[in-house]
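The structure under discussion appears below in the form of structure tokens.
Predicted model, so just to flag it, every value in this text is computed and none were measured.
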Amino acid sequence: MNDVIKEPTLQEKLHILADAAKYDVACTSSGSDRRGQKGMLGNAKACGICHSFASDGRCISLLKILMTNHCIYDCKYCVNRSSNDVVRTTFTPEEICNLTVEFYKRNYIEGLFLSSGVLKNPTYTMERICEALSLLRDKYKFNGYIHVKAIPGAPDELLLKAGHLADRISVNLELPTAESLERLAPNKTFQSILTPMGKVSGTIAAHRLAIGKDAKMERSVSNRYLGTSIFKGQGIETSAENTAKNTALSLKEAARPFAPAGQSTQMIIGASGETDFNLIQTTQKLYQTYDLKRVFYSAYIPVNEDSYLPTIGTPPPLLREHRLYQADWLLRFYGFTANELLSEDNPNFDERLDPKCGWALRHLELFPVELQTAPYDLILRIPGIGPKSAGRIMTARRYGRLDFDSLKRMGVVLKRAHYFITCNGKMMYKTPIEENYITRQLTAVNQKENWQIAHQSGYSQLSLFDDFGLGQAGGGG
């Protein structure tokens, strides 16, 4: 008698495809704000949308799954590459809708993060993704947040459809250089990824123009003080600017906005040999050229044996990933450029220190800064002072003299900032402005936090089934 191949149950599929999605980190707060509507299910909040389930039962609130872990590509770093012997399965569009709605009704999630391997070909895969999103929006009236991964190589009309159905759309760059992509992902090219990225950014900009907004995404309220941004003066016209004006009028009457939470991408950290300088240069170029909402970084977890990759068991570079996220924040909100943070001669961040402290220590000739008189852009570059506290300082000093107690109440992190500032000509403590001394002090301050980041055990997505009794919940109507 021949063995019968049993179709996995919906719960078994969820185990497989939720676990397969854990290497994709490109989802955080939604960046989209949409009120609930009568006759529709859910809403999208601009903050508080997260993406997994913690082992203690906390819902962190996006259902994060792959549509399928079948894939025609053989990327060396990917657990789902075609040459790997893993259990394969695929959700139908209806199953994706049922899961999303049932999880939402149980208050487990607020939205959906949907990615996919490439099943048959990019067009077929994107058609199935769009079918699922269309059913979710139109049949099930789901009004919650959706982040969808676009498949490079899919037709433009499917990208357009996905963008109108989702809140955020992303095309993963995956590796920061064309050489690394050619070596580790031989079925992909930079051009095949950047082309749809440019089309998405152009359409986002066109829709923004059509509804009376600026073509570019808003970056930070701090720009009202800076009067500039990291994009100004770079001599680069974005892809969005090239196409937006030509298509804005045609989008003005569109039934749904196009990707209102913007576009993002992801790069893998540690699978190839690029320096931090290479990575943040690529990041800066992506922000300048494609006006991305976010660039995400994913510390590589070795899952495949390959001579080009770190050996299995090599710890993922979590502290390096953390420093790159901090540097990314400096590029987006603090007016820094890649060439200020690193250089060919200094190509990697000192993992003991955050990048802002590293920059300050290399420019001690600018310090200490007198907060009573310093311009906003210089205050913003002081370690321990962010855009909110810098704005509060600018406001407070109009009405009186600053002191260190008031700075603390404003949110200034004095354990870092006090080495670099004076209030009315006085430092908080008598401190030599000397690089080695301040480095030792800051390293000691950061030591516990750095250890916790480098040794965290929860760097992969936890099971959707931990502490939830999903065996009962999964069969609900």
Side-chain angles (χ1 to χ4, degrees), residues 25 28 222 269-270 275-277 279-280 283 295-301 314-338 340-343 345-369 371 378-390 392-393 404-405 407-423 427-459:
V25 300
T28 56
S222 64
I269 308 305
T275 65
D276 294 341
F277 187 42
L279 289 159
I280 63 171
T283 296
V295 174
F296 292 88
Y297 308 93
S298 177
Y300 177 64
I301 304 169
T314 301
L318 299 174
L319 190 52
R320 184 186 182 196
E321 176 193 271
H322 182 65
R323 296 300 179 220
L324 286 164
Y325 271 116
Q326 290 176 319
D328 179 272
W329 203 259
L330 297 180
L331 294 178
R332 289 189 294 136
F333 296 110
Y334 288 75
F336 283 88
T337 64
E340 289 180 289
L341 295 173
L342 292 173
S343 65
D345 296 329
N346 179 38
N348 292 300
F349 292 115
D350 183 342
E351 292 188 356
R352 301 173 300 165
L353 300 168
D354 71 75
K356 198 178 183 186
C357 286
W359 175 86
L361 287 166
R362 294 194 304 274
H363 295 84
L364 286 177
E365 73 279 2
L366 300 174
F367 299 101
V369 171
L371 292 185
L378 182 55
I379 292 174
L380 197 58
R381 291 183 171 226
I382 299 169
I385 298 181
K388 287 185 178 179
S389 53
R392 289 167 184 158
I393 289 169
F404 291 101
D405 287 338
L407 292 177
K408 186 176 181 179
R409 290 194 296 271
M410 291 177 197
V412 174
V413 183
L414 288 173
K415 66 181 180 180
R416 288 197 293 272
H418 82 265
Y419 298 102
F420 305 98
I421 61 175
T422 59
C423 273
M427 298 190 78
M428 187 174 179
Y429 307 110
K430 188 176 180 180
T431 302
I433 305 301
E434 195 272 318
E435 182 177 353
N436 290 334
Y437 172 79
I438 299 176
T439 299
R440 288 195 302 271
Q441 301 304 310
L442 290 173
T443 300
V445 167
N446 294 335
Q447 189 172 8
K448 181 179 179 181
E449 179 187 355
N450 290 348
W451 189 92
Q452 290 173 335
I453 293 168
H455 293 84
Q456 61 181 293
S457 60
Y459 53 80

_Considering all heavy atoms, the nearest Pro387-Tyr334 contact_ = CD-OH, 3.1 Å
*Are any of the side-chain heavy atoms of Ile421 and Leu414 separated by less than 4.5 Å?*
yes
_Distance-minimising heavy-atom pair for Pro355 and Leu341_ = O-CD2, 4.4 Å
*How are the rings of Phe333 and Trp329 set to each other: parallel, tilted or perpendicular (split at 30° and 60°)?*
tilted
*Could you note down all residue pairs passing salt bridge (Lys or Arg N to Asp or Glu O under 4.0 Å) where residues 429-449 supplies at least one of them, sequence neighbours left out?*
none
*When rounded to the nearest 0.5 angstrom, what is the spacing between SG in Cys423 and CD1 in Ile393?*
8.0 Å
*How would you list, by chain and number, every residue that makes a ring-ring contact (aromatic ring centres under 6.0 Å, His included) with Phe420, sequence neighbours excluded?*
Phe367
*What are the two closest non-hydrogen atoms of Leu364 and Leu361, and how far apart are they?*
CG-O, 3.5 Å
*If we only count heavy atoms from C-beta on, is the Thr275 to Leu342 side-chain gap below 4.5 Å?*
no
_Check: Phe404 ring centroid to His418 ring centroid under 6.0 Å_ = no
*Check the pair Asn346 / Arg362 against side-chain contact (heavy atoms from CB on, under 4.5 Å), numbers first and verdict last.*
CA-CA 11 Å; Asn346 179 38; Arg362 294 194 304 274; 3.6 Å; yes
*Heavy-atom side-chain proximity of Leu331 to Val295 below 4.5 angstrom*: no
*Any side-chain heavy atom of Met428 within less than 4.5 Å of one from Leu407?*
no
*So do the side chains of Tyr325 and Phe296 get within less than 4.5 Å of each other, counting heavy atoms only?*
yes
*asked:* Between Asp328 and Ile280, is there a side-chain heavy-atom distance shorter than 4.5 Å?
replied: no
_Donor-acceptor contact present, side-chain Lys356 to main-chain Ile385, <3.5 Å_ = yes
*Quick one: CG on Asp276 to CG on Leu324, what's the gap to the nearest 0.5 Å?*
4.5 Å
*Do you know which two heavy atoms are closest between Arg416 and Cys357, and how far apart they sit?*
CD-SG, 3.7 Å
*How many angstroms lie between OH in Tyr437 and CG in Leu442, if you round to the nearest 0.5 Å?*
10.0 Å
_Taking the side chain as everything from C-beta on, heavy atoms only, tell me whether Leu366 gets closer than 4.5 Å to Trp359._
yes
_For Phe349, does the six-membered ring have the charged nitrogen or CZ of Arg320 within the cation-pi criterion, i.e. under 6.0 angstrom from the centroid and within 45° of the normal?_
no
*Distance, nearest 0.5 Å, that separates NZ of Lys415 from NZ of Lys408*: 11.0 Å
*Run the salt bridge (Lys or Arg N to Asp or Glu O under 4.0 Å) check on Arg352 and Asp350 step by step: do they pass?*
CA-CA 5 Å; Arg352 301 173 300 165; Asp350 183 342; 2.7 Å; yes
_Check: Arg323 and Asp354 side chains under 4.5 Å, non-hydrogen atoms_ = yes
*Rounded to the nearest 0.5 Å, what's the gap from CD1 on Ile438 to CD1 on Ile433? Could you check?*
4.5 Å
_Gap separating the CG atom of Leu279 from the CD1 atom of Ile269, nearest 0.5 angstrom_ = 4.5 Å
